[in-house]
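Input: a single structure, listed below in structure tokens.
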Amino acid sequence: MAKKYWLFKSEPGEFSIDDLEKCPGKRTYWDGIRNYQARNFIRDKMRKGDGVLFYHSNADPLAVVGHCEIVKEAYPDHTQFDPDNKHFDPEAIQKEPRWFMVDIKLKEKFKTPVTLKQIKENPKMKDFRLIQRGNRLSVMSVTKSEWDEIIRLSR
DNA sequence: GCCAACGTTGGC
DNA sequence: GCCAACGTTGGC
């Protein structure tokens with residue numbers, strides 16, 4: 001299957017691209033996704049080698065700050081079973097995990113983040129999911145041309 | 001801090 | 001299965 005592209009949102013106060021850069025091997029698991037649409041992307045669609053844009057939400061600046069690669073495909077998100085974790089799901093059962101995660105590895109932290117403002121002003125990005133009205137998905141798909149444009153803007 | 005948009009929950 | 005109430009997200 002052809003390489004696909006995604007965008008992950010993260011609040012830098014929770015987990016920033018700098019935090020990712022400090023992780024061993026610059027890789028981490030992407031836990032805490034508790035939305036079914038996002039879960040289905042993770043569980044059913046993401047494949048090793050797919051590209052991931054890393055976006056800082058609730059931040060200054062609001063921007064795509066780098067890109068990553070999926071290095072491990074979906075497996076159960078252990079935080080759903082951990083009562084001490086803020087993503088604990090009391091309804092989740094071990095035999096049939098409800099929530100999944102992938103592992104990502106940082107490929108590049110942009111020298112120039114691509115801001116939300118830039119994206120909104122760019123006619124080529126008018127269909128970008130991130131800027132669609134009321135879009136609250138924390139994981140979404142990105143087309144190849146959108147990916148290429150973001151990379152170009154970061155240069 | 002506000003609030004629009006959206007997902008989820010639960011009573012009926 | 002409808003839908004009002006509620007909680008959350010996230011830009012502003």
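Below, read A as the first sequence line, B as the second, and so on, with proteins coming before strands; counting in each chain starts at 1.
Proximity of A:Arg133 to the phosphate of B:dA5: a side-chain N or O atom is located under 4.0 Å from OP1 or OP2. Side-chain N/O atoms of A:Lys120 include one lying less than 4.0 angstrom from OP1 or OP2 on C:dC12. Look at A:Lys9 and you won't find any side-chain N or O under 4.0 angstrom from OP1 or OP2 of C:dT9. Taking 4.0 angstrom as the limit, A:Tyr55 places none of its side-chain polar atoms (N or O) nearer than this to OP1 or OP2 of C:dT9.
Minimum atom distance to the side chain of A:Gln37 is reached by B:dG7, of the listed B:dT8, C:dG10, B:dG7. Among the nucleotides B:dG7, C:dG10, C:dC12, the one closest to any side-chain atom of A:Ser138 is C:dG10.
When the C1' atom of C:dG7 is taken as reference, atom CG of A:Asp89 falls 15 Å away, rounded to whole Å. Here C:dC12 presents its P atom at 7 Å from CG of A:Leu62, a figure rounded to the nearest Å. The CH2 atom of A:Trp99 sits 7 Å away from the P atom of B:dT8 (whole-angstrom rounding). Atoms CD1 (A:Ile33) and P (C:dT8) sit 16 Å apart, rounded to a whole Å. In this structure, CZ of A:Arg34 is placed 18 Å from C1' of B:dT9, rounded to the nearest angstrom. Rounded to an integer number of Å, the gap from A:Leu7 CG to C:dG10 C1' is 14 Å. Nucleotide B:dT8 holds its P atom 10 Å from the CZ atom of A:Arg39, rounded to whole Å.
Ring pair A:Trp99/A:Tyr36: centre-to-centre distance below 6.0 Å.
For A:Pro12 against A:Asp19, the heavy-atom pair with the smallest separation is O-OD2, 4.2 Å.
Counting only N and O atoms by type, the side chains of A:Tyr75 and A:Asp103 include a donor and acceptor under 3.5 Å apart.
Residues A:Lys126 and A:Glu149 are not paired through a salt bridge, judged by the lack of any N-O separation under 4.0 Å between the basic side chain and the carboxylate.
When the nearest nucleotides of DNA chain B are assigned to A:Arg136 and A:Asn58 by heavy-atom distance, the more 5′-ward of the two goes with A:Asn58.
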